[in-house]
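Structure first, then comments.
Start at 1 and go down the list; that is how both ligands and their atoms are numbered.
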Amino acid sequence: MLIDVHAHLDLPQFDSDRNSVIERAAGEGILIINSGLGPDGIERTIRLMENNDGIFATLGLIPQEFNSDIIDESIGLIRKYKDRIVGIGEVGLDYYWVKEAEKRRLEMDNFRKFISFAKELNLPLVVHSRDAEPDMINELESHGISALLHCFSGTPELGEKAISFGCLVSIPASIMYSRRKQKLAERIPLEHMVLESDSPYLAPTPGERNTPLNIRLSAGKIAEIKGVSRDEVADITTRNAKEFFNLRF
Ligand SMILES: [Zn+2]
């Protein structure tokens, strides 16, 4: 069994064949945690979860959302569905798309809001960060909260800092070609690692649509890097995800 801790199967890229993508993943023993973002993504993800065994939900909002109505509506919906989800996220900091200091401050305010919200609801937190890893990790550490770092793209040193206070580092299928991700996987112990597809993004071949099936490739690649069996990678990453999200299956 494998767990894809982060996918966006609710997006339009799967409108023509969503059911077959889900069935094929289930047929290969892959459980999926779908990340629903913003009011529409939240509703779509809840429907996806309710219609499919083997799909769990985390709910969040893209960091670069500054419309306070949308932020409030998203938080209201997450509260409404809190008993049916396994985590809050993704939420976080994106300095790639947000360059202005004032807007970065707003992003940080929202990130803090979601950190408090996850603590209040006692749900695990899934974090997105892009070009903002030092600030993101400091923020988590100062709030005394560990998180799953989705598609972590910081340095191996920052990754080690994050795992020192309990974070999990999620490795995407782009590890098949990304030297950076391969180096990260070398340094992060399996006990702090999980697998994600981030479907439809981050395919093992750039430009293609990604699906949860591709985390099988990542498991093989990580096994090769670590010098262990693929089964060991599958077992440990599955156990990590199961414990972090308190999954029942
Ligand atoms: Zn995502």
When you compare the side chain of [Y] with that of [X], does any pair of heavy atoms fall below 4.5 Å?
X	Y	answer
M136	V127	yes
L247	F56	yes
L59	I88	no

Problem - the Zn ion (ligand 1) to E90: nearest N/O/S atom name - result: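 Output for this pair reads OE1.
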Handout entry: Residue H8, metal the Zn ion (ligand 1), N/O/S under 2.8 Å
Key =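 Within the cut-off used here (under 2.8 Å), H8 does place an N, O or S atom near the Zn ion (ligand 1).
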Exercise for the section: Answer yes or no as to whether an N/O/S atom of H6 is found below 2.8 Å from the Zn ion (ligand 1). Expected result: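 Here the distance criterion (N, O or S atom, under 2.8 Å) is met by H6, so yes.
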Handout entry: Check: S178 side chain, K181 main-chain N or O, donor-acceptor pair, under 3.5 Å
Key =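 Here the side-chain-to-backbone pair exists.
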